[in-house]
Amino acid sequence: MIKKLRVYPQKTPLKGIITVPGDKSVSHRSVMLGSLASGTSYIRRWLPAGDPIATLEIFRQLGVNISVTKHSATNWDLVIDGVGMHGLQPSAEPLDARNAGTCIRLLAGVMAGQKFSSVLDGSEQLRKRPMKRITVPLAQMGAKIDSTKGKAPMTIEPTELQAMTYELPVASAQVKSCVLLAGMYANGETVVIEPGAARDHTERMLKAMGADLTIDGRTVSIKPVDKLNPINLTVPADISSAAFPIVAAAIVPHSEITIENCGLNPTRTGILDMLEAMGATFTAQNKRKTGGEPAADVQVQFSEMHSTEIGGEVVVRGIDEFPILSIALSQSAGRSVVRDAAELRVKEVDRISVLAGELAKMGITMDETPDGFSIEGPIRLNGAEVDSHDDHRLGMTLAIAGLIADSPTTINEANCIADSFPGFVETMQALGAHMEWIE
Ligand code: S3P
């Protein structure tokens, strides 16, 4: 059922201590690599959102026994009986990644190394997203991939993979991970050179599982992998989900909130750096490591913010956070400019032009450029009827914008929020936010 979310002007500060669900990137990878391990992996606080559930069901379809303990709608534990590097079973049915770009692109790397053929597909939305960025390097390794004009569905036939050195044309963790995963099955050392520090969860997890992987600056090398050791990990909270309550607290006067055990991998903390450059302040307490990933309790409060110029290396470290950042920019004094972010145009939707269209309905003028946008703040927002375009992060961005609008906001097609953040509405309500599902 298509659900609508109604958000009301927030008249009281947001206050409280919350946990947000587990990291989506780590959750996808834990299922893929746990399935390929020799032995049983234990994953706690796994994210039961639409995207990683697609990965989980695909690996079940490939013959992996994964048992689930559902603690709540936002927190599952998994026990994965790994089948080893060569133990996956062919599936007669296509593998359906639904809306999940991470699932289909990483999966292509794994499937390219199998001794059987497979068909990788996804939703109408995923079928529009570019796949040449992975089919080109995989083909260079000798993979036999057939795709419709560089888009899903993709058919992958068995072949021997050749090791190679690949210089990534875009800073993309999905492409880097795809090549490294295929590299596990190649006939020698596979080397990936990345232009910027894209998230490194694949590298961290592979190393923790005993793969022969080395990192030297922007160069990552992997030797063929015969065996992966099982993992035992607690998934840290997803900073990309935490970003929504964080920005909400920074823009709703007198708010002060804490996010417990928030993942703080330096390849993911661009949002905190960008908000700090605008005058927001954070404290990180109880620093720890969770599943090889740095984490801490992050506290944030309302701040008077000013404009900023964003570009360069921070962009890839906060690539998923530009929709919600745009709301913070709209409340900051002066003209802010975002550059080097053309990748936003090939996410779930074109997150520059689609967002500009929806924010215009709420009174925000977002001036588009080919690789970014600019916003002049502070802007008073009006409530409106807006649409998520089936993009979870746009849905949540519009909901947070609704809190500072002068009349109620209705977000259509808001159920996609559960693609990455099940329990978003309940979590915001726990902070005192005035929002509810209306159908
Ligand atoms: C992801 C990488 C990013 C990000 C996506 C998750 C991952 O995509 O936008 O939400 O888990 O590897 P790109 O690597 O294509 O930039």
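Both counts, for ligands and for their atoms, begin at 1 and track the order of listing. The structure displayed is predicted, hence computed values, not measured ones.
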**OP:** First locate atom CG of Leu398, then atom CD1 of Ile417, and finally report the distance between them rounded to the nearest 0.5 Å.
**Re:** 9.0 Å
**OP:** Examine Arg105 against ligand 1 and note whether any of their N/O atoms are separated by less than 3.5 Å.
**Re:** no
Subject >> Euclidean distance, Lys3 NZ relative to Cys416 SG, rounded to 0.5 Å >> reply: 11.5 Å
Original post:
Between Ala171 and ligand 1, does any nitrogen or oxygen pair lie at a separation below 3.5 Å?
Top reply: no
Original post:
Does the side chain to side chain contact (heavy atoms under 4.5 Å, CB included) test come out yes or no for Met154 and Asp121, once each step is laid out?
Top reply: CA-CA 7 Å; Met154 297 181 277; Asp121 203 356; over 6 Å; no
**OP:** Kindly identify the option in Lys347, Glu343, Gln174 whose heavy atom sits closest to atom 16 (O) of ligand 1.
**Re:** Lys347
Original post:
Considering only protein heavy atoms, which is closest to atom 12 (O) of ligand 1, and at what distance to one decimal place?
Top reply: Arg29 NH2, 2.6 Å
Original post:
For atom 10 (O) of ligand 1, what's the nearest protein heavy atom and its distance?
Top reply: Asp320 OD2, 2.8 Å
**OP:** Provide, to 0.1 Å, the distance between atom 6 (C) of ligand 1 and the closest protein heavy atom, together with that atom's residue and name.
**Re:** Thr102 OG1, 3.3 Å
**OP:** Look at ligand 1 and say whether His201 reaches it with a heavy atom at a distance under 4.0 Å.
**Re:** no
Original post:
How many angstroms lie between CG in Leu161 and CD in Gln114, if you round to the nearest 0.5 Å?
Top reply: 9.5 Å
Original post:
Is the distance between the ring centroids of His392 and Phe424 under 6.0 Å?
Top reply: no
Subject >> Atoms in ligand 1 flagged as close to Ser25, the criterion being non-hydrogen separation under 4.0 Å >> reply: 6 (C), 7 (C), 11 (O)
**OP:** May I ask you to say whether Glu343 pairs ionically with Arg133, meaning some side-chain N is under 4.0 Å from a carboxylate O?
**Re:** yes
